[in-house]
2 protein chains.
Amino acid sequence: MTDPASPRYAPLYQQIKTLLVRRLASNEWPPGSALPSEIALAQGYNVSQGTVRKALTAMEKEHLVERRQGRGTFAARHSQQRSLFQFFHLMSDANERQLPDSRVISCRSGTATAAERNALTLEAGTPVTRIRRVRQLDGRPVISESLTVPTTLFPGLESRPLEQVPNTLYEFFEAEYGVMIVHATERLRATAATTTEAELLGVDIGTPLLAIDRLALNIENRPVEWRESCCHTAHHYYFNELD
Amino acid sequence: MTDPASPRYAPLYQQIKTLLVRRLASNEWPPGSALPSEIALAQGYNVSQGTVRKALTAMEKEHLVERRQGRGTFAARHSQQRSLFQFFHLMSDANERQLPDSRVISCRSGTATAAERNALTLEAGTPVTRIRRVRQLDGRPVISESLTVPTTLFPGLESRPLEQVPNTLYEFFEAEYGVMIVHATERLRATAATTTEAELLGVDIGTPLLAIDRLALNIENRPVEWRESCCHTAHHYYFNELD
DNA sequence: GAGTGGTCTAGACCACCCC
DNA sequence: GGGTGGTCTAGACCACTCG
């Protein structure tokens, strides 16, 4: 009798994928660098090219690698393009996607609150760094944003001058700290603008805002960033494709 | 000189996929029925099994067919499961997904408004059928919903008794009218409850609501249904996965 | 046991990129 | 021209389902 809940067998290409992801996570191939060719990898693992190919195809679907015909396979880089299409879902009424500018209000360290510990699964007393900023689209303040990361993962972040906190954070996290955000979940609600939000966004208190609660995960599926964004949806909307 | 904008070449498996989708759209294989085996299809098109397999894999990703090892490949059926996971994104604060009940308020025909013509790309004067309903979760009214479909696609819908307008409409559209909803886009905004919405949802006028504007497309990517849902997000949230 | 989809292999050829 | 990923084939074997 075998345990019916245990996996009966694991396809080779999944095992290969696991091994490749592990090497990727260990930074053996830094973002943007080329992986060995499919044939070389296949020889290394002593499997056929088709098996490696299937593993890479799965990894490409998860945005872990990029492949270009005639060039090779590359460790994914967190480009602005990717921030825009994978992570930023606000579009203007004219159906244009555009990355917002940021005005950083504060960037400080502290001790994780219960809510932060819960979201990021941290121990009591863990130090965290918090960023507050307002993001603008077409010159209008549209998003009031507040995010938390564990300080240990991003040392020194809290002591940067506010002007030197970059706009596209995930690109920065990757380049500066080797932390790759590859996946996220979002929870959306309608809320009423608080006094602070009203002031930051230039709207009346109580104006309906779209609150986005995001948890961002790294390549090992560990929570890395918790973010709350309050969006003024008078001239923009949150776009989602159901497929 | 070839036109650089024209496709240089089309992979075989894509051509096969196009042919299979066409046969599926023509109702040659009604929802739930079995397609011929991969080997039979391959012989029919005079290609290898691997090529048919690649076409079917792509179709499975688009929820057009379901494949089960040892059983066969089946034309996709619009199950409640699918309504729940692909199309219904509200979850309770306890992180439970559950399909809502519906109380139909009205179901009538009329002439398409400018907004409806625009959303569904209809000609002026086209008859449409509109349904208004309130949807409940855990006994609480949570969604005020209003949707429009072209009458020609769903004849007789407008003259059904209100109690006989089914809860899971996409399942019904498919079973009764042969219209398969396979894809949709949603636009989300925060709005303030109008008098009507406040009454239907049992909230105060001006309460922030999550407005979801959905356009649902059929297998040929033609717009079929336009739906506006106003959700009370005090005890539920809209869930989205970014990958 | 017969039939189905799923995996794996090996090899050929094609489209693309860069030197 | 040589290297890369992308397609296509043919055949073997495995895992699952059903009668």
Side-chain angles (χ1 to χ4, degrees), chain A residues 1-21 23-24 29 32-77, chain B residues 1-21 23-24 29 32-77:
Chain A
M1 269 308 252
T2 59
D3 179 358
S6 76
R8 312 289 178 95
Y9 91 113
L12 235 192
Y13 72 88
Q14 279 183 18
Q15 302 176 38
I16 302 293
K17 185 193 156 201
T18 305
L19 295 173
L20 288 172
V21 169
R23 291 172 75 177
L24 210 49
W29 302 302
S33 68
L35 272 64
S37 76
E38 296 179 349
I39 293 176
L41 287 171
Q43 288 172 342
Y45 289 118
N46 209 3
V47 298
S48 81
Q49 184 185 4
T51 301
V52 167
R53 168 178 293 282
K54 228 180 158 181
L56 288 174
T57 302
M59 292 169 70
E60 188 182 31
K61 232 177 34 198
E62 300 174 35
H63 303 104
L64 300 181
V65 296
E66 287 178 15
R67 300 154 98 192
R68 267 171 292 173
Q69 186 173 131
R71 303 264 333 261
T73 302
F74 301 84
R77 191 199 291 280
Chain B
M1 273 305 255
T2 59
D3 178 358
S6 76
R8 314 286 177 97
Y9 93 113
L12 234 193
Y13 73 87
Q14 279 184 19
Q15 302 176 38
I16 302 293
K17 186 194 157 200
T18 306
L19 296 173
L20 288 172
V21 169
R23 291 171 75 177
L24 209 51
W29 302 301
S33 67
L35 271 66
S37 75
E38 295 178 349
I39 294 176
L41 287 170
Q43 288 172 342
Y45 289 119
N46 209 4
V47 298
S48 80
Q49 185 186 5
T51 302
V52 168
R53 167 178 294 281
K54 226 181 160 181
L56 288 174
T57 301
M59 291 168 70
E60 188 182 32
K61 232 178 31 197
E62 300 176 34
H63 303 104
L64 300 180
V65 296
E66 287 178 15
R67 300 154 99 192
R68 266 171 291 173
Q69 185 173 134
R71 304 262 333 258
T73 302
F74 302 84
R77 191 200 290 282

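Throughout, a chain's letter reflects where its sequence line sits, starting with A, and its residues are numbered from 1.
The shortest heavy-atom contact between B/Q15 and B/A10 is NE2-O, 2.8 Å. Heavy atoms only, all atoms of each residue included: B/A75 and B/L35 are closest at N-CD1, 3.6 Å.
The CG-C1' distance, from A/L12 to C/dT9, rounds to 11 Å in whole Å. Between the C1' atom of D/dC8 and the CG atom of B/L56 lies a distance of 16 Å, rounded to the nearest Å. Atom-to-atom, CZ of A/F74 to C1' of C/dC17 comes out at 10 Å; the value is rounded to the nearest Å. C/dG5 atom C1' lies 13 Å from atom CG of B/L35, rounded to whole Å.
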Return a table of donor-acceptor pairs under 3.5 angstrom between the side chains of residues 38-46 of chain A and protein atoms on other chains or two or more places apart.
from	atom 1	to	atom 2	distance (Å)
A/E38	OE1	A/Q49	NE2	3.0
A/E38	OE1	A/R53	NH2	2.9
A/E38	OE2	A/R67	NH2	2.8
A/Y45	OH	A/R23	NH1	3.0

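Dashed line: the shortest gap from a side-chain N or O of A/Y13 to OP1 or OP2 of C/dT7 is under 4.0 Å. The side chain of A/T73 places an N or O atom within less than 4.0 Å of a non-bridging phosphate oxygen (OP1 or OP2) of D/dG5.
The stretch residues 64-71 of chain B touches DNA chain D through B/Q69, B/G70, B/R71, each having a heavy atom within less than 4.0 Å of the strand. For the segment residues 39-54 of chain A, the set of residues with a heavy atom within less than 4.0 Å of an atom of DNA chain D comprises A/R53, in numerical order.
The CG atom of A/L56 sits 11.0 Å away from atom OG1 of A/T51, with the distance rounded to the nearest 0.5 Å. How far NZ of A/K61 is from NZ of B/K61: 6.5 Å, rounded to the nearest 0.5 Å.
Side-chain contact between B/R77 and B/F74 is absent, with no heavy atoms from C-beta onward closer than 4.5 Å. Within the 4.5 Å cutoff, no side-chain heavy atoms of A/M59 are placed close to those of A/T73. Side-chain contact between B/V65 and B/L20: absent, with no pair of heavy atoms (C-beta onward) separated by less than 4.5 Å.
Between C/dG5, C/dT9, D/dG5, one nucleotide has an atom nearer to the side chain of A/S37 than all others, and that is D/dG5.
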